[in-house]
Amino acid sequence: MKKHVEVYSNVTKEVFESEISPKRRPAILRGVDIGEATAKWSAEYLSQQGHNKEVKVHVCPTGKMDFIHKNFVYKTLPFSHFVKRASEDIHEEYFLCPEEKYYLRSLGDDPRKDISDIRVQFPTLAEDINIPRFYPDDQFFSSVFRISSPNAQLWTHYDIMDNLLIQVTGQKRVVLFSPRDATKLYLNGDKSEVLDIDNPDLKKYPKFVDAVQYECFMEPGDVLFIPALWFHNVISLQFGVAVNVFWRHLDHCYYDNKDTYGNKDLVPATRAMQIVDRAIKALQELPEEYRDFYARRVVSKVKDKCYILKNEDSVQTNGNSDTDHAEIKHS
C-alpha cells in the first residue's frame, strides 16, 4: 500500500512548530527560501569551490547500496575529482567498474570527535545555502552535505533525531515507513534487510507487503521533514546535491554525547535492548515449553506497559494482531 507525503507551501517557523512537527509525520515543504544554492551548485561550480579537499566516499558497482552486506567500498578522492565522477553515467577512471555509483555523506574533520557541519567543512558553499531555522538554535546537532550519482539508492534506515532534507539540485524519490511498521521491515540494527523495496523477495520477507509506503518526489528547492524513527529509502534520480540538518528535539540527556554521527539509539533505549539480550540469554536456559511460556509473558508485559494503542490499532488487517500496529513510546 502506498500513500503520498503531505505537501505544505510557504511554511514559516510558527506553522512548522504548531501544525507540522506535532503530527510526527513526514512533510514536503515547498516555497521555503534556501538561498542561491539551487541556481549555483552545478558540478562545475562545486568542483571549483571544493578544490582538492579530500573526501571519503562510498563506491558501489550497482545502484542499490547495502550497508548490512557491504556491497560497496570506501575510497578517498579530491573533492573536485569526486564531483566529476559522481555527475557521470559512465567513467573513464574508476575503482570497480565503469558504471559504479558514488555517494558522499560528509564527515567531521575528525569523525571520532567532530560532527559534520557544512559551515566548517565547506564554508564557501555554506554561504550559498540558507538552512531553515525551524528549530531552536541550541538544539542544532549537524548539517550533513550529501552528493549522489544518478540512480544511486541508499538503504532503508531510521534516524533518532528530527531532520530536514534540503534538496538543492537534482530530483530524488524518497520512500518512508512509519515506526509502527518496524516489525515488518526485517531490521538489522537501524537498517532494513529488504534491499529492493519495489520488488521485495516475499518468500524471504513476507511481512514487508503489509508495510505502508509513504512516497514523495523531491525537486530542487524542496525540503522534506523526516521525524525521528521514520524509516526512509532515498533514490537519486539524477546527479543530486542535498543538505541534511539534524537537531535534538528531545532533552539532551537522552542522547549519547559521544555520538558524532547522530545515529546511536537513545541512551534508555540502548540500555533496554541490552537488558532484552540478557533476558533472551536467560530464557534460552529453560526447556523449550517453559522458554515459550515465559517468553510470551515477557512480551505481554512489555506490550501492556510500553505500547501506545491508538484507535486504528484495534482494527486487524491481513491476520496481523495489533502488536504489529502499535507504536512504542520513545519519549
Side-chain angles (χ1 to χ4, degrees), residues 1-6 20-21 23-28 58 63-69 71 103 105 141-142 144 146 148 152-165 167 172-202 204-218 222-236 242 244-247 249-250 259 261-266 269-270 273 307-308 310 312-313 317-318 320 323-331:
M1 180 178 179
K2 285 188 179 181
K3 293 185 178 181
H4 295 293
V5 175
E6 194 166 358
I20 299 173
S21 180
K23 289 182 179 180
R24 311 308 301 158
R25 287 181 174 272
I28 286 282
H58 301 68
K64 291 183 173 64
M65 296 189 182
D66 180 357
F67 192 88
I68 296 174
H69 301 103
N71 68 339
Y103 167 64
R105 188 265 191 219
F141 178 75
S142 65
V144 180
R146 301 183 188 272
S148 300
Q153 182 170 0
L154 199 61
W155 52 86
T156 303
H157 67 285
Y158 69 86
D159 297 303
I160 60 162
M161 299 182 195
D162 283 1
N163 76 90
L164 296 176
L165 174 60
Q167 188 66 19
K172 193 166 278 176
R173 175 189 174 212
V174 184
V175 178
L176 305 104
F177 302 88
S178 167
R180 295 162 67 188
D181 276 342
T183 56
K184 302 165 188 170
L185 299 181
Y186 299 87
L187 299 185
N188 186 327
D190 63 344
K191 302 164 184 68
S192 170
E193 293 186 357
V194 184
L195 191 60
D196 191 340
I197 61 172
D198 294 314
N199 297 287
D201 182 347
L202 295 181
K204 190 175 183 180
Y205 308 115
K207 291 184 180 179
F208 186 79
V209 72
D210 294 322
V212 178
Q213 298 187 17
Y214 292 78
E215 184 180 60
C216 64
F217 290 86
M218 299 185 69
D222 284 351
V223 178
L224 173 61
F225 170 51
I226 307 177
L229 305 184
W230 273 79
F231 297 88
H232 43 287
N233 183 289
V234 182
I235 306 102
S236 295
N244 258 137
V245 58
F246 293 85
W247 66 93
H249 64 291
L250 301 177
D259 180 15
Y261 285 86
N263 60 4
K264 290 185 179 180
D265 286 313
L266 301 181
T270 298
M273 295 301 288
Y307 282 22
I308 300 174
K310 299 184 178 180
E312 63 266 31
D313 296 327
T317 59
N318 297 325
N320 293 323
T323 301
D324 285 340
H325 293 270
E327 179 179 338
I328 298 177
K329 292 181 181 178
H330 59 275
S331 60

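Start at 1 with the first residue, then count along the sequence. Note that this is a predicted model, so its numbers are computed, not measured.
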Completion exercise
Output for pair (Asp222 CG, Cys216 SG), nearest 0.5 Å, gives 8.0 Å

Exercise for the section: Please check if the side chain of Trp247 supplies one atom and the backbone of Leu164 the other of a donor-acceptor pair under 3.5 Å. Expected result: no

Practice task
Rounded to the nearest 0.5 Å, what's the gap from CG on Leu176 to OH on Tyr214? Could you check?
Solution key: 10.0 Å

Practice task
Please name all residues satisfying ring pair (Phe, Tyr, Trp, His ring centres under 6.0 Å) with Phe141, sequence neighbours left out, ordered by chain then number.
Solution key: none

Practice task
Using the six-membered ring wherever Trp is involved, compare the ring planes of Tyr103 and Trp155 and label them parallel, tilted or perpendicular (cut-offs 30° and 60°).
Solution key: perpendicular

Problem - Asp265 backbone acceptor or donor facing Thr270 side chain under 3.5 Å - result: yes

Problem - Whether Asp181 side chain and Lys184 backbone form a donor-acceptor pair below 3.5 Å - result: no

Practice task
State whether the side chain of Asn244 and the backbone N or O of Arg146 hold a donor-acceptor pair below 3.5 Å, judged by distance alone.
Solution key: no

Exercise for the section: Measure from the side-chain N and O atoms of Asp66 to the backbone N and O of Asn71, and report whether any donor-acceptor pair falls under 3.5 Å. Expected result: no

Problem - Phe208 side chain near Ile197 side chain, heavy-atom distance below 4.5 Å - result: yes

Completion exercise
d(Ser148 OG, Arg105 CZ) to nearest 0.5 Å is 12.5 Å

Problem - Test item: Asn188 side-chain N/O and Lys191 main-chain N/O as donor-acceptor pair under 3.5 Å - result: no

Exercise for the section: First locate atom CG of Asp159, then atom OH of Tyr261, and finally report the distance between them rounded to the nearest 0.5 Å. Expected result: 14.0 Å

Handout entry: Beyond-backbone contact of Leu224 with Val174, side-chain heavy atoms, under 4.5 angstrom
Key = yes

Problem - Pro179 side chain reached by Trp230 side chain, heavy atoms, under 4.5 Å - result: yes

Problem - Donor-acceptor contact present, side-chain Tyr186 to main-chain Lys207, <3.5 Å - result: yes

Practice task
Could you tell me whether the side chain of His58 reaches within less than 4.5 Å of the side chain of Met65, counting heavy atoms only?
Solution key: yes

Completion exercise
side chain to side chain contact (heavy atoms under 4.5 Å, CB included) with Leu185: of Phe177, Tyr205, Tyr158, only one passes, and it is Phe177

Practice task
Without swapping roles, check the side chain of Asp162 against the backbone of Ala228 for a donor-acceptor pair under 3.5 Å.
Solution key: yes

Problem - Expected output: side-chain Ser142 to main-chain Val144 donor-acceptor under 3.5 Å - result: no

Problem - Beyond-backbone contact of Arg24 with Phe225, side-chain heavy atoms, under 4.5 angstrom - result: yes

Fill in the blank from the handout: Interatomic distance, CG@Asp201 vs CD@Glu193, rounded to 0.5 Å, equals 12.0 Å

Handout entry: Flag side-chain contact, heavy atom, 4.5 Å: His157 against Asn263
Key = no

